[in-house]
Novice: 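This is the structure, below, for whatever I ask next.
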Amino acid sequence: MTPEAPLEQREHGLTPAGQGWFVLNARDAPWRHAPGRGSVGDFEGDSEFPQVGVNPFVLGPGDAMSMYHWEADQEDFLVVAGEALLIVEGEERSLRQWDFVHCPTGTKHTIVGAGRGPCVVVAVGARAHEGSPDWGGYTVDEVALRHRAGVEQETAEPVEAYAPVQKRAPTRYRDGWLPD
């Protein structure tokens with residue numbers, strides 16, 4: 001039988017303290033935030049889920065979820081609230097509430113907040129190649145650069161890709177980020 005993982009209160013929210021199943025409200029989880037980059041919730045705590053990552057993002061208009069990139073693992077996204085702009089394979093696609101985006105391995109992409117207010121996007125990604133040299137990479141794309149979501153030089157190093165932008169800092173959930 002799989003045990004229940006206890007939740008531990010930390011400085012920025014509740015995190016699982018051990019292996020097992022658990023229930024955690026996104027408003028109680030730790031978050032990371034940076035102006036112009038939006039906010040991302042963290043359900044995992046110190047030990048990442050080994051197979052699949054799941055993160056809610058809150059993006060204001062113009063906030064980029066990530067730098068334009070591709071991965072050797074599948075990623076999927078569900079817009080839960082608001083509007084966003086998908087940049088995929090050098091093209092722009094408008095997204096609205098309940099739009100689902102599937103990115104098979106190798107798909108170049110990022111998502112930018114759009115519309116008049118914040119959008120909420122749930123990101124789900126496989127982790128078979130995470131942390132390995134062949135995980136993926138950041139490619140130069142003019143559309144992504146126009147939205148401040150691209151690199152000027154191709155790289156496989158996240159530190160290089162994100163050097164020009166402010167790092168998301170740990171924080172507690174802030175009222176209003178998620179819809180009621």
Side-chain angles (χ1 to χ4, degrees), residues 30-44 48-49 52-171 174 177-178:
W31 286 72
R32 295 186 312 274
H33 174 79
R37 296 211 41 229
S39 305
V40 57
D42 178 10
F43 296 126
E44 302 175 51
E48 287 189 343
F49 300 152
V52 178
V54 179
N55 296 98
F57 282 81
V58 178
L59 303 171
D63 291 352
M65 176 183 288
S66 64
M67 297 306 254
Y68 187 76
H69 68 287
W70 66 273
E71 294 191 25
D73 293 314
Q74 169 183 326
E75 285 188 288
D76 295 300
F77 306 92
L78 178 66
V79 179
V80 178
E83 298 174 43
L85 178 70
L86 170 67
I87 303 171
V88 60
E89 296 297 334
E91 298 180 22
E92 295 181 4
R93 296 287 173 95
S94 294
L95 301 175
R96 59 187 170 89
Q97 186 176 29
W98 301 120
D99 281 347
F100 175 77
V101 177
H102 171 63
C103 292
T105 60
T107 305
K108 299 173 191 132
H109 67 281
T110 191
I111 295 178
V112 178
R116 296 179 186 210
C119 70
V120 179
V121 180
V122 176
V124 180
R127 292 192 163 156
H129 295 90
E130 185 173 311
S132 71
D134 61 347
W135 75 270
Y138 303 90
T139 59
V140 177
D141 181 84
E142 292 304 316
V143 176
L145 284 166
R146 277 199 316 267
H147 291 280
R148 298 183 340 262
V151 296
E152 294 185 6
Q153 184 173 358
E154 189 168 320
T155 182
E157 298 300 324
V159 172
E160 292 174 18
Y162 289 93
V165 297
Q166 185 175 348
K167 184 176 179 179
R168 289 186 181 107
T171 187
R174 296 180 192 164
W177 278 352
L178 298 175

Novice: Could you check Glu130 against Glu48 for side chain to side chain contact (heavy atoms under 4.5 Å, CB included), going step by step and ending with a plain yes or no?
Specialist: CA-CA 11 Å; Glu130 185 173 311; Glu48 287 189 343; 2.7 Å; yes

Novice: Would you give the length of the straight line joining atom CD of Glu83 to atom SG of Cys119, rounded to the nearest 0.5 angstrom?
Specialist: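 Between Glu83 CD and Cys119 SG, I get 9.0 Å after rounding to 0.5 Å.
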
Novice: Is there side-chain contact between His102 and Gln74, with heavy atoms separated by less than 4.5 Å?
Specialist: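 They are in contact (side-chain heavy atoms under 4.5 Å apart), so the answer is yes.
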
Novice: Closer than 3.5 angstrom, by distance alone: can the side chain of Thr110 be matched with the main-chain N or O of Ser66 as a donor-acceptor pair?
Specialist: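 Yes, Thr110 side chain to Ser66 backbone: donor-acceptor pair under 3.5 Å.
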
Novice: Write down the atom of Ala64, the atom of Ala149, and the distance for their closest heavy-atom approach.
Specialist: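 Closest approach of Ala64 to Ala149: CB-CB, 3.7 Å.
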
Novice: Quick check: closest heavy atoms across Leu145 and Glu152, and the distance to 0.1 Å?
Specialist: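 The answer is CD2-CG, 3.9 Å.
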
Novice: Should Glu92 and Arg146 count as an ion pair when the cut-off is N to O under 4.0 Å?
Specialist: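 Yes, this pair counts.
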
Novice: Does some side-chain heavy atom of Val122 sit less than 4.5 Å from a side-chain heavy atom of Val54?
Specialist: yes

Novice: Does Arg37 use its side chain to pair, donor to acceptor, with the backbone of Gln166 at less than 3.5 Å?
Specialist: yes

Novice: Rounded to the nearest 0.5 Å, what separates atom OG in Ser39 from atom CZ in Arg32?
Specialist: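 Spacing of OG (Ser39) from CZ (Arg32) equals 10.0 Å.
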
Novice: Can you tell me how far apart CZ (Phe77) and CG (Asn55) are? Round to the nearest 0.5 Å.
Specialist: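 Reported value, rounded in 0.5 Å steps: 10.0 Å.
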
Novice: Using modelled atom types only, decide if a donor and an acceptor are shared between the side chain of Glu44 and the backbone of Phe49 within a distance under 3.5 Å.
Specialist: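 At least one qualifying donor-acceptor pair exists.
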
Novice: What are the two closest non-hydrogen atoms of Ala156 and Trp135, and how far apart are they?
Specialist: O-NE1, 2.9 Å

Novice: Determine whether Tyr162 and Lys167 make a side-chain contact, defined as any pair of heavy atoms from C-beta on separated by less than 4.5 Å.
Specialist: no

Novice: Only pairs under 3.5 Å count here: list side-chain donor-acceptor contacts from residues 84-91, not counting sequence neighbours, and write none if there are none.
Specialist:
unit_1	atom_1	unit_2	atom_2	d
Glu89	OE2	Lys108	N	2.9
Glu91	OE1	Arg93	NH2	3.1

Novice: Give a yes or no on this: more than 12 heavy atoms of other residues, nucleotides or ligands lie within 6.0 Å of atom CZ of Arg127.
Specialist: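 Atom CZ in Arg127 is crowded, with more than 12 foreign heavy atoms closer than 6.0 Å.
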
Novice: Is there a side-chain contact between Tyr138 and Glu157 (heavy atoms, below 4.5 Å)?
Specialist: no

Novice: Kindly indicate whether the side chain of Asp76, heavy atoms from C-beta on, has any atom under 4.5 Å from the side chain of Val101.
Specialist: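 A side-chain contact under 4.5 Å is absent here.
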
Novice: Taking the side chain as every heavy atom from C-beta outward, state whether Phe43 and Pro56 have any atom pair closer than 4.5 Å.
Specialist: yes

Novice: I need the Ile111 CD1 to Glu75 CD distance, nearest 0.5 Å.
Specialist: 9.0 Å

Novice: Give a yes or no answer on whether the side chain of Asp42 reaches the backbone of Trp31 with a donor-acceptor pair at less than 3.5 Å.
Specialist: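 No, Asp42 side chain to Trp31 backbone: no donor-acceptor pair under 3.5 Å.
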
Novice: Is there a side-chain contact between His33 and Arg174, using heavy atoms and a 4.5 Å cut-off?
Specialist: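 Heavy-atom side-chain distance check passes, below 4.5 Å.
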
Novice: Could you verify whether a donor N or O on one side chain and an acceptor N or O on the other, from Glu71 and His129, lie under 3.5 Å apart?
Specialist: no

Novice: Donor-acceptor pair, Asp63 side chain versus Gly113 backbone, under 3.5 Å?
Specialist: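 Absent.
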
Novice: Does the side chain to side chain contact (heavy atoms under 4.5 Å, CB included) test come out yes or no for Val151 and Tyr68, once each step is laid out?
Specialist: CA-CA 7 Å; Val151 296; Tyr68 187 76; over 6 Å; no

Novice: So do Val112 and Met65 actually touch side chain to side chain, heavy atoms under 4.5 Å?
Specialist: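 A side-chain contact is absent here, since even the closest heavy-atom pair is not under 4.5 Å.
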
Novice: Determine whether a donor-acceptor pair (N or O, by modelled atom type, separation under 3.5 Å) exists between the side chain of Gln97 and the backbone of Val80.
Specialist: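 Indeed, once roles are kept as given, a pair shorter than 3.5 Å links the two residues.
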
Novice: Sequence neighbours excluded, which residues qualify as ring pair (Phe, Tyr, Trp, His ring centres under 6.0 Å) partners of Trp70?
Specialist: none

Novice: Whether the side chain of His109 engages the backbone of Thr107 through a donor-acceptor N/O pair (distance < 3.5 Å, no angle test) should be reported.
Specialist: yes

